[in-house]
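Note that the structure is predicted; figures quoted are calculated from it, not measured. A note on names: the letters A, B, ... follow the listed sequences, proteins ahead of strands, and every chain is numbered from 1.
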Protein chains: 2
Amino acid sequence: MAQLARPSGSELKLLRALWAAPRLSAREIHDATEARTKWSYSATRTTLDRMEEKGLVKAKAVHGIKTYAAAQSKVAMLALLAQDFARNVLDSDEPLPAAAFAHSKLLDSDEIEELQALLDSLSEEGER
Amino acid sequence: MAQLARPSGSELKLLRALWAAPRLSAREIHDATEARTKWSYSATRTTLDRMEEKGLVKAKAVHGIKTYAAAQSKVAMLALLAQDFARNVLDSDEPLPAAAFAHSKLLDSDEIEELQALLDSLSEEGER
DNA sequence: CTTAACGTGCTACATTTGTAGCATCCTCGC
DNA sequence: GCGAGGATGCTACAAATGTAGCACGTTAAG
């Protein structure tokens, strides 16, 4: 069974744009992220291609042009990454506490709760 | 000004051994980490070489054999990584709260305090 | 129509990471 | 003194990452 892929740092930058809108074209993603990435349009596109291969985004043609949507929700992906951080960096089996996410610009308090619930269930799974 | 290097996932595994002892030979590091890494001795050594190049460890010959010590303390490195996580994943300028580290097997409560202080000072620096 | 602008598919290429092997050389025990 | 085992220095190589360009086809505007 194919593990869900983790985005690299660069890929994460593009994912952010897709969490803010349900579906975007490569051009739109590029325009939305160029300020932060400073990449050429080509670089953005190649990264999107790879994200598609890895299953991080799902592509679909709309009116003839290719559009992308995040394969995992923001909360689900953040849960994955938080779990990795806890495991690999902190060497902890427990999920990060909600407090860790409090200052994130990406999450409101509802989402933090959702994330917390997800993390708890992920760590229980691990026990089995 | 050469930025302090961040360890990759593999490098982090070896660093852990060096945080538990002040100075170890390649062989000792390998023996201490083999269970987790499952690497060949060669793989361990190559990774150590690269860590030396990057300045993650400092090597010194003792009685003719090469020994390694972590260049940054455990707490300092964890502070770096926690800051990266907050910035890159959570998109937050605030440091992670102490609670985030509570379950880490790597830190006792004194070290968590120290880490917290470090994180705070790091984020202030960023403001300037 | 013709062309400029843009989308798409490919290819490219340097670095970093993950992982390992070989050839020597030194040293300790016999 | 000699040989086995370990230490060292190199080299290797595939995959992942970061970043970009080119050629070609389509389309909308003049």
Side-chain angles (χ1 to χ4, degrees), chain A residues 2-18 23-69 77 80-81 84 87-89, chain B residues 2-17 23-69 77 80-81 84 88-89:
Chain A
Q3 265 295 141
L4 337 197
R6 316 305 157 100
S8 72
S10 290
E11 290 167 343
L12 189 53
K13 290 180 191 162
L14 299 190
L15 267 188
R16 288 228 252 271
L18 290 172
R23 181 166 286 282
L24 295 171
S25 69
R27 176 68 58 185
E28 287 166 334
I29 294 172
H30 179 66
D31 291 345
T33 54
E34 191 182 10
R36 290 183 94 57
T37 62
K38 315 277 185 171
W39 298 344
S40 71
Y41 177 51
S42 275
T44 301
R45 269 189 349 112
T46 303
T47 299
L48 280 171
D49 282 351
R50 290 179 183 164
M51 292 171 77
E52 191 187 349
E53 280 170 22
K54 292 210 250 176
L56 285 172
V57 298
K58 289 172 308 152
K60 179 163 96 169
V62 174
H63 301 318
I65 73 142
K66 196 167 185 178
T67 61
Y68 302 84
M77 187 54 80
L80 255 299
L81 294 175
D84 283 356
R87 267 207 227 305
N88 302 325
V89 178
Chain B
Q3 264 294 145
L4 334 200
R6 314 306 157 98
S8 72
S10 291
E11 291 167 340
L12 190 52
K13 291 179 193 162
L14 300 191
L15 266 189
R16 288 229 253 271
R23 181 167 285 283
L24 294 172
S25 69
R27 177 68 60 183
E28 288 167 333
I29 294 171
H30 179 66
D31 291 345
T33 55
E34 191 182 12
R36 289 182 95 59
T37 62
K38 314 275 185 174
W39 298 344
S40 71
Y41 177 51
S42 276
T44 301
R45 271 192 343 116
T46 305
T47 301
L48 280 171
D49 283 351
R50 289 180 183 162
M51 292 172 75
E52 191 186 348
E53 279 169 23
K54 292 209 248 173
L56 284 173
V57 298
K58 291 171 306 154
K60 178 163 96 171
V62 174
H63 300 320
I65 73 143
K66 198 167 184 177
T67 62
Y68 301 85
M77 186 55 79
L80 255 299
L81 294 175
D84 284 356
N88 301 325
V89 177

Please work out if [X] contacts a base, only the sugar-phosphate, or nothing of the nucleic acid, heavy-atom cut-off 4.0 Å.
X: B:T46; answer: base
X: A:K13; answer: nothing
X: B:T47; answer: base

Could you give the [atom1]-to-[atom2] distance, from [X] to [N], as a whole number of Å?
X: B:H63; N: C:dC26; atom1: NE2; atom2: P; answer: 19 Å
X: A:L48; N: D:dT19; atom1: CG; atom2: P; answer: 14 Å
X: A:H30; N: C:dT8; atom1: NE2; atom2: P; answer: 14 Å
X: A:M51; N: D:dA16; atom1: CE; atom2: C1'; answer: 15 Å
X: B:R50; N: C:dA20; atom1: CZ; atom2: P; answer: 12 Å
X: A:N88; N: C:dG18; atom1: CG; atom2: P; answer: 11 Å
X: A:E11; N: D:dT19; atom1: CD; atom2: P; answer: 12 Å
X: A:E52; N: C:dG9; atom1: CD; atom2: P; answer: 9 Å

Between D:dG9, D:dT19, C:dT17, which nucleotide has the shortest distance from any of its atoms to the side chain of B:R45?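 The listed nucleotide nearest to B:R45's side chain is D:dG9.
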Closest to the A:R27 side chain, choosing from D:dT17, C:dG7, D:dA20: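 Per side-chain heavy atoms of A:R27, the pick is C:dG7.
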Could you report the tightest heavy-atom contact between [X] and [Y], atom names first, then the distance?
X: B:K54; Y: B:S8; answer: NZ-N, 4.3 Å
X: B:H30; Y: B:T44; answer: ND1-OG1, 2.7 Å
X: B:E11; Y: B:L56; answer: OE1-CD1, 3.6 Å

Can you check whether [X] has a side-chain N or O nearer than 4.0 Å to OP1 or OP2 of [N]?
X: A:S8; N: D:dA16; value: no
X: B:K66; N: D:dG9; value: yes
X: A:K54; N: D:dT17; value: yes

Is it true that a side-chain atom of A:R6 and a backbone atom of A:L4 form a donor plus acceptor pair closer than 3.5 Å?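 Present.
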Between B:M51 and B:L15, is the side-chain contact (heavy atoms from CB on, under 4.5 Å) condition met? List the steps. CA-CA 9 Å; B:M51 292 172 75; B:L15 266 189; 3.5 Å; yes
Residue mapping more 5' on DNA chain D - nearest nucleotide basis, A:R6 or A:S42: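 Checking each residue's closest nucleotide, the 5'-ward one belongs to A:R6.
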